[in-house]
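All remarks here apply to the structure that follows.
Quick caveat: nothing in here was measured; it's all calculated off a predicted structure. Residue numbers start from 1 in every chain, and the chains themselves are labelled A, B, ... in the order their sequence lines are given, proteins ahead of strands.
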Amino acid sequence: MNRPPSPKRSTPKPLPRAVVRTALMLLGVAALWFWIGWIDQSLGRTSYATGYLLFGVIFTLAAYNVRKRLPGLPLGSSANWLQLHIYLGIGSAALVLLHSGAKWPTGWLETVLAGSYWATFASGLWGLYLTRTLPKQLARTSEQYIYERIPILRREILDQSRTAVLSAAGDRGATTLAEFYCTRLDSYLSEPRGGLYAIRPTSTLRRQLMRELSDLRRFLSQAELKASEVLFALVRKKDDLDFHESRQGLLKRWLFVHITLTCVLLTSAVLHGWLALAMRGGVQ
Amino acid sequence: MPSPEVATTRPQRWTEPFGADTDDALVDRLLGIAPFKHMDPAAFPKKLPLRDLLRGDTRVNKYKPGDLIVREGDYGTSAFILLHGTASGTLERLAVLGELEKPSLGQRLKRSIAQLWQSPKVPEARSLSVNTNQIGSSSDVGTRQANNDTRLFLQDVPGVLDEYQTTKIQAGELFGEVAALGRTPRTATVFAESQCLMLEIRWQGLRDLMRYSPALSQHVQQLYRKNSLDAHLSQTPLLAGLSENEVQQVAAATQFETHGSFDWHTDLPEADQETLFERIAREPLVAEEGTAPTGLLMVRSGFARVSQRRGDGHQTTAYLGKGQVFGASELARSLLEGTPAVLSHSLRAVGYVDLLRIPADVALELVLPKLSADELLNLAQQTDAPLPARTLDYLVDRRLMNGTQAMVIDLDRCTRCDDCVRACAATHGGNPRFVRQGPTHDQLQFANACLQCVDPVCMIGCPTGAIHRDAETGVVEINEPTCVGCSTCANSCPYSNIRMVDLHEPGGAIVVDETTGTPIVKATKCDLCIDQLTGPACQHACPHEALVRIDVAEITPLAEWMTK
Amino acid sequence: MSDQSKRHSLRRLFESLAAGDYNRPNMPWVCGDVEGGCPCPTGPTVKGTCPKVSECTPVQQGGRWVCDRSAERGGPCETEPLGGGPSPEGICCQQHSCRPQRSTRRRRGRLAIGAAVFAAGAFMMFIGSSWRSNLLAPGKLSLAHAQLIGRDHWKNRCSACHPGGASAATLVGADLNVDVAAAHSTQAALCVECHKNLIPPEHAFAAHGLPAEALPKKGRIDSQIVQAGFAAGIADMLPLGPGDQVACSACHQEHQGTDHDLTAISDGRCQACHAEQYQSFAIDHPEFSLWPFQRRTRIAFDHASHAGKHFASKKESFDCATCHVDSPDGTSKVLAGYEQSCSRCHDEGIHTSTREGLAILSLPMMDDRAIRDSGAELGPWPESATGDFDGELPAISKLLLASQPDSAAVLKRLGADFSFFDLDPSSESDAQDAATIAAGVRKLLSDIQERGHQEILDRTQKLQSGKRNTNSELVGGVPLELIANTRERWFGNARATPNSASAIEQASLQSAGGWFADDASLSLRYRPQGHSDPLLKAWIDLAVSLDDGQADLREAVLRELASAKSTGTCTSCHSVEETPLGTLVVNWQALDPRLKPRQFTRFTHRPHLTQPELEDCSHCHKMSQQPPNSLAAYSSRKPSQFAGQFEPISKSACVECHQPKAAGGACTQCHNYHVELSQP
C-alpha cells in the first residue's frame with residue numbers, strides 16, 4: 001500500500017483552539033484596561049475613547065451580516081468571521097462595562113441603548129448555545145430534512161398514509177384501522193405541531209400514538225396489519241419532521257431576534273454617539 | 001404580464017459541429033487516408049454513419065512553426081492525427097512554458113464585485129443569444145490568434161530541439177488519445193516544427209470510431225504500451241528515483257491485469273439481500289492475504305478494496321484508486337528483514353480494476369533499493385487506517401471514494417442556515433449548484449454536490465463535449481452554450497449531482513422549444529467555483545466549519561478533518 | 001442501452017436525492033402551494049406573482065390530446081392519481097395557481113429593517129416632542145446643578161450648559177428655542193460664567209486656573225501626545241498635551257446621578273502633569289519639610305518662655321486651648337483674642353507704658369538769641385520753652401509737620417530723627433531751621449483750630465501722596481477747645497501761669513482715651529485707652545504706609561512708636577513685617593485660617609480632633625526641645641526669617657491614619673486644584 005505513512009508525532013499536542021483564542025481575548029481586554037487607564041491618567045476623556053472603540057466593535061460585529069451578503073468577495077472565510085464575532089462579542093461586554101462605568105444608566109435613551117446592547121449580547125450567547133447544541137439533536141434523526149421542504153414531505157406522508165389505509169380498507173371492508181386513522185392519526189399527520197412543541201419538542205404524542213396503534217393490532221386484518229406497519233414508519237417520520245421543523249425553526253427565529261435587536265442597538269448607538277459629540281463640553 | 005414562455009430550437013448533437021469548416025470535400029479526403037480508409041463504413045450503425053462522425057467530430061487545424069498542439073499536464077478531450085508537415089513531441093516539461101496565464105487578481109476581483117448586483121433575480125436566467133463560435137475548449141491562452149483560438153507558440157524551436165529529448169511525429173500518426181479517452185492529463189508536449197495540418201478528433205468521435213473499428217482499437221492499445229507506460233511509471237512516486245533506463249527496464253517487465261468485469265458504478269451491492277461480508281467475498285480477489293505478493297500492483301483505473309480477515313469475515317482497511325499501489329509495504333519489509341514477503345491484506349476489485357503489475361523480483365531488485373532508508377522504513381511500517389472499517393465500507397459501498405472534492409457536512413455542527421447554498425447561488429448568477437441533502441453516515445453528510453470524481457463517468461456519453469475538464473485545473477465543468485439538454489450526464493452521474501434546470505429568459509419567462517412547447521433544459525452542476533477568488537464559496541461561507549470540500553479518494557484528509 | 005438498469009443500480013442509492021429542482025433559499029418568494037405540499041415547478045415571478053403555468057402543452061395526436069410533460073417534470077401524467085391527462089379541450093391537467101409567499105429570510109429581513117426604522121422613527125418623534133429633554137438626558141443632574149435650573153428654563157434646560165445642543169437641535173429640525181448667545185459660547189465658558197468667584201475667567205482653563213508663569217515650567221506633559229491636528233471629538237479622547245486647555249468636563253462629569261460627587265478625581269489624573277511622581281501618600285509622598293511653619297507667627301509669642309517661665313512662675317498650667325479655640329463654624333482653630341488670652345497679665349504692662357500719655361505735640365527749647373542772631377525770628381513762644389536748644393519733636397508732630405513744605409525741608413535737612421539738643425546755636429542755618437519749626441508748630445495748631453479735625457486728615461493725606469485717608473481714628477476726637485485753650489495759653493497774649501500740679505499726674509487718674517495739655521512739659525498729650533487703642537494703631541499704620549521716598553521719616557517715627565519702649569508697646573507683640581510687595585504691614589490680627597486665600601494645601605482640624613489621642617495638641621505640635629530665642633527674629637521685618645518654636649510636623653504622623661483603606665490618602669483630601677492667587 002502506498003498510504004502515506006503518518007509521521008511519528010513527537011511534538012506535544014497543541015493547546016485547543018478555543019483556549020488560545022480565549023486567552024487572546026482576555027489579553028485584549030487587559031490591554032484595553034491598561035489603555036483606558038493610561039488615557040484616564042493623562043486627563044483624556046475615557047468615555048470618548050471607549051465610545052469610539054465600542055462603536056467600531058459594534059459595527060464590526062454587525063458587519064458580519066454584511067459579510068454574509070457578500071459571499072463572492074475574498075473577505076476572509078465566514079468561519080473566521082464567526083470566531084471573530086464570538087470573541088469580539090464577548091469581549092465587547094468588558095468594553096461596555098468600561099464605557100458605562102459598570103452601572104445601569106438612568107437616562108432614558110441610555111437605558112434603551114444599554115437594554116438593547118445587553119439584550120443583543122444575551123441573544124448572542126443564547127444563539128451560541130443553540131448553534132452548539134441543536135445540530136447534534138437534529139443529527140440524531142435517521143433522515144435529514146431541508147426546512148423549506150418539510151411541508152412538501154408532510155404532504156407526501158399524509159398521501160402515503162391515506163393510500164395505505166384506503167388500500168387496506170378496500171380489501172374486505174375492514175374499517176378498524178380506518179376508524180382509528182380518522183380519529184387519531186389523520187390530524188397528527190396532516191398538520192404541523194403547534195404551540196408548546198415549537199418551543200420544547202417532546203416524543204410523548206408519538207409514543208402514545210404508536211402504543212395505541214400497537215394495541216390495535218390484535219383487531220386488524222392481514223391487509224390492515226401490513227398497512228399499520230406503514231403507518232408506524234410514517235408516524236415516526238412525521239415526528240422527525242416536526243422535530244426538525246421545531247428545531248430548525250428555532251434556529252431561524254433566533255437569528256431574527258438577534259438581528260432585530262442589533263438593528264435597534266445600532267440605531268440607538270448612532271443617536272447616542274451623535275448626541276455625545278454634539279453635547280460634549282470642550283473649550284474650543 | 002409578459003408571456004411566461006418563449007420558444008426557440010432545441011440544440012442537437014451536431015447542431016454545433018466540432019469544426020465549422022469541416023465540409024463534405026474534407027470528409028471525402030479524410031476517407032482516402034489511413035486510418036479511415038481501412039474502416040468499413042458498413043460496420044457503423046445507421047444512426048452514426050462514419051461520414052457524419054468525421055464531419056461532426058473532427059476538424060482540421062493549421063499550425064505555424066512553434067505552435068503548441070498539446071501541452072503536458074493539460075486536460076484535453078481530443079486526439080490528433082498529423083496530416084501534413086512535421087511536429088515533435090517531448091515528455092519533458094518545457095521550462096519556457098511555465099504556467100498558463102490566469103486572469104489577473106484585479107480582473108477576478110472586479111468580476112467578484114460585479115456579481116453582487118449582476119445576479120439576476122430570476123432563477124436560471126440566460127440570455128438567449130447563443131455564441132455559435134464558441135466550440136470546444138477555448139481555454140488556451142497565448143500570443144497568437146488562429147481559428148478563433150489563441151495559441152501559445154515556442155519562439156525558439158531549434159533551441160527546444162537541442163535542449164530537450166524530442167520525438168518526431170510521423171504523418172498519419174495518432175497521438176493524444178490516452179488523455180482524451182482516459183480523462184487523464186496530457187503526458188507530453190507536442191509542437192509544430194513546420195507549417196502543419198492536424199486532424200483533431202474529439203473524444204466522443206474517437207470513442208465511436210474505436211467501437212466500430214477494431215483495428216483502430218487495437219492500434220490505440222499498442223500505442224499505450226509504447227508511448228505512455230514509461231511516462232505513467234515515471235510519474236509514480238515510488239519510481240521517482242529511477243533513471244530513465246531503469247524505468248524502461250521496469251516497463252518492459254510490467255504486466256497488464258484486469259480484474260472484474262463491471263463498471264464500478266454498476267456493480268452495486270443488493271443491499272437488502274447481501275451482507276457486507278458476502279459482498280466483500282463476492283468481489284473479484286486480486287491478491288490474497290497470507291500469500292506471497294506477486295509484485296507491486298499499481299491501479300491504472302477503477303477501484304480496489306483492501307481488506308483483512310477478521311473472525312469469519314473481512315474488514316475493510318483501505319481502498320485504492322487510480323495511481324495507488326498495493327504490496328509495497330510487504331515487499332519493503334521483506335527487503336529490510338530479509339524474510340520472504342507475505343501479504344497482510346487482501347486486494348479485491350470494486351467492479352473492475354485495471355492494474356499494472358511490476359513483478360516482485362523486479363521490484364525488489366530495481367525499485368525499492370532506490371528509496372532512501374527513511375522512505376523504505378516508512379513504507380514498511382503499516383499503520384492502521386485512521387477511519388473505522390464501517391466508515392471505509394460506507395465510502396466504498398456508496399462509491400464515495402471516487403470524489404476528490406466531495407462536499408462533506410458535519411451535521412453535529414451544521415445549523416442548517418443555508419449560507420452555503422446562498423453563497424453558491426451568489427457566485428453562480430443567483431442559482432445554487434448543489435442541494436444540501438445527501439446520504440449520511442454517523443454525523444457526516446455527503447451533500448448533493450459534484451464530487452469531482454477520480455473517474456468522471458458523467459463525461460461519458462456527452463454528445464457535444466459540453467461537459468469537459470477545465471484545461472487549467474482539471475475541474476469537470478459544463479460549457480452551457482454547447483449543452484443540448486439531453487440529460488445524459490445527469491443520468492450518468494451515479495450520485496445525482498447533475499441537475500437539469502428549466503431555462504428562464506431574464507424577464508422571467510420559461511424558455512420552451514418552439515416546436516414541442518416543452519421547456520429547454522440545461523445540465524448544471526458544481527464547478528468548484530474555479531473562477532472565484534475565494535475557492536469553493538460554500539466552504540468559504542460556512543460559519544461553523546461544518547462544510548468542507550475534501551478529497552475522499554485519499555483516506556487521511558477526511559480522517560484528519562474529522563478529528564479536528 | 002442494454003446496461004441502463006445496471007448502470008442505475010448505484011443511482012438507486014441516491015434516488016431520493018435526484019428529484020426536484022435546487023433549493024433556492026436566496027429567492028425572495030416561495031410558491032404558495034408549499035404549505036399544501038405541492039409547489040409548482042416554475043415558482044413565483046420576481047414580483048411575487050404566480051405565473052399560473054401548466055406543466056405541459058398537450059399535443060394533438062390523431063384527434064386526441066396527449067400529455068407532453070417532460071421527463072424532468074415527471075413525465076407524461078396520463079395516470080389517474082396524477083391528474084388524468086389533458087382535458088378534451090387540450091388543456092393541461094396540471095394547472096398551478098397560488099398566492100406566493102415571502103421567503104422566511106425575506107420576512108426576517110423586512111422585520112429587522114422595520115425594527116430599525118421603527119426605532120429611528122420613535123427616536124425622531126421623541127426628539128421632536130416636548131419630552132425631548134427628559135429623553136435625551138443621559139442621567140440625573142447633581143442636586144446642586146439641578147436646583148439651579150429654574151422653572152422657566154426647565155423645558156430647554158439642555159442648552160443651559162450645552163451650547164452644542166443648539167446645533168444638534170437644528171440637525172434634527174427640533175426647535176430647542178435655545179439662547180443664541182449661549183449657542184456661540186462653549187460649555188466650559190458657561191461653567192465659568194457661574195463659577196467665576198472661584199475660577200477667575202482669564203486663566204480659567206489653564207492648569208490650576210493660574211497663569212503659566214505661576215507654575216513650574218517642567219511638567220510631565222512634555223512627553224505626551226500633542227493634540228493639534230486631530231479633529232474635534234477625536235481630540236476629546238486623547239491625552240492632553242503641553243499648553244492644552246483643560247475643559248471643566250475633563251474632570252467634572254455631570255449626569256451621573258443626584259448624589260454623584262462632581263469633584264471626585266483619581267490621584268493618577270493629578271499626576272498627569274506633575275513632574276514629581278509618586279504612588280501614594282503613605283508610601284512615597286515627599287516629607288512636608290517645615291510644614292506648617294513657613295513663616296513666623298504674626299503675633300510675636302514665645303510659647304517656650306510662656307510655658308516654661310511665665311506660666312510656671314505663676315503656677316498656672318499652660319493649656320493650648322485657652323488661647324487656641326475653635327472657630328464658630330468649627331472648621332478651624334483660631335486665637336481667642338487678647339481679652340481672653342493675654343489681658344490678665346499684659347494689661348498692666350500696657351497701662352504702665354501709657355500712663356504718661358502719648359505726646360502728640362511738645363514744644364522744644366528754643367534759643368531765642370541764636371535765632372535772632374541768625375536773622376530769623378522766633379515769634380510767640382512760651383518763655384518756659386526758651387533757652388538753649390533742647391528737646392525733641394514727638395513722632396506724630398513730625399508726621400503732621402511733614403506736610404508743610406518748609407517744615408518738611410527742615411526735617412529733610414536735619415534728618416527726621418534730629419534732636420534740638422544737637423542744634424548748633426552758632427549755626428545760622430540751624431537757628432533758622434528751629435525758627436521754621438517753631439512757626440510750623442504754631443501754624444499747625446492754628447490750622448487745626450481754624451479748620452478743625454479735617455486739617456489733621458488733610459495733612460496725613462498729603463503725606464501719603466494724596467491717598468485719601470478717612471481714618472478718623474487719626475484724629476482721636478481731640479477737643480478743639482483744648483487746642484484753642486492750649487494755643488491761647490502757650491502763644492496767646494494772656495500768658496497763663498503754669499499749672500501748679502503736673503497735668504500728667506492728674507491725667508493718670510483720668511479715664512483712658514483722653515486728651516490733655518501739660519503746661520509743665522509744654523506738651524499736648526493723648527492717653528491711650530489700653531490695648532487696641534485706635535489712635536495709636538492708626539498712627540502706626542500711617543507710619544508703616546509711608547513709601548520709601550519717606551523712609552527717613554518712617555523709620556524715625558517707627559523708632560518712636562514701634563519699639564519695645566514705645567507707648568503701648570504695640571509692636572512687641574504685633575509684628576511689623578515686609579510684604580512680598582516690599583511694603584510694610586503691622587499684624588494687628590493673628591492668622592485666621594478661614595480668611596486665607598484658597599491654597600494648594602488645606603487642613604481642617606475638626607475631623608482630626610475627634611480622635612481621642614489627637615485631642616492633645618502636642619500629639620502633632622511638639623515644642624522644640626531646645627527652644628530658640630524666637631522673639632529675637634522679630635527684630636527683622638522678614639517674616640520668613642524665623643526660629644521655629646515647634647518641631648516640623650512629619651508625614652509619619654499623618655500616615656498613621658491616612659492609608660488608602662483607612663482615613664484615605666487621595667490627593668484631593670489635602671490638596672486643592674482650584675486656587676486663588678494670594679492677596680498682595
Grab the two heavy atoms, one from [X] and one from [Y], that are nearest each other, plus how far apart they are.
{"X": "Lys252(A)", "Y": "Arg108(C)", "value": "O-NH1, 3.6 Å"}
{"X": "Ala115(C)", "Y": "Thr260(A)", "value": "CB-CG2, 3.1 Å"}
{"X": "Phe256(A)", "Y": "Ala112(C)", "value": "CE1-N, 4.2 Å"}

Comparing Ser47(A), Cys263(A), Ser268(A) against chain C, the one with the most heavy-atom pairs below 4.5 Å turns out to be Cys263(A)
Please identify, among Val270(A), Ile146(A), Ile259(A), Thr163(A), the residue contributing the most non-hydrogen atom pairs under 4.5 Å to chain C. Ile146(A)
Once you round to the nearest 0.5 Å, how far does [atom1] of [X] lie from [atom2] of [Y]?
{"X": "Leu271(A)", "Y": "Leu136(C)", "atom1": "CG", "atom2": "CG", "result": "6.5 Å"}
{"X": "Asn23(C)", "Y": "Glu148(A)", "atom1": "CG", "atom2": "CD", "result": "6.0 Å"}
{"X": "Trp108(A)", "Y": "Phe123(C)", "atom1": "CH2", "atom2": "CZ", "result": "5.5 Å"}
{"X": "Arg269(C)", "Y": "Thr46(A)", "atom1": "CZ", "atom2": "OG1", "result": "7.0 Å"}
{"X": "Arg253(A)", "Y": "Thr104(C)", "atom1": "CZ", "atom2": "OG1", "result": "10.5 Å"}

When you look at [atom1] of [X], are more than 12 heavy atoms from neighbouring residues, nucleotides or ligands closer to it than 6.0 Å?
{"X": "Trp33(A)", "atom1": "CH2", "value": "no"}
{"X": "Arg236(A)", "atom1": "CZ", "value": "no"}
{"X": "Phe55(A)", "atom1": "CZ", "value": "yes"}
{"X": "Arg69(A)", "atom1": "CZ", "value": "no"}

Answer with side chain, backbone, both or neither: which region of Val257(A) has an atom nearer than 4.5 Å to a non-hydrogen atom of chain C? neither
Using non-hydrogen atoms only, which part of Ser116(A) is less than 4.5 Å away from chain C: side chain, backbone, both, or neither? neither
Quick check on [X] against chain A: is it the side chain, the backbone, both or neither that has a heavy atom closer than 4.5 Å?
{"X": "Ala137(C)", "result": "backbone"}
{"X": "Cys251(C)", "result": "side chain"}
{"X": "Phe118(C)", "result": "neither"}
{"X": "Glu254(C)", "result": "neither"}

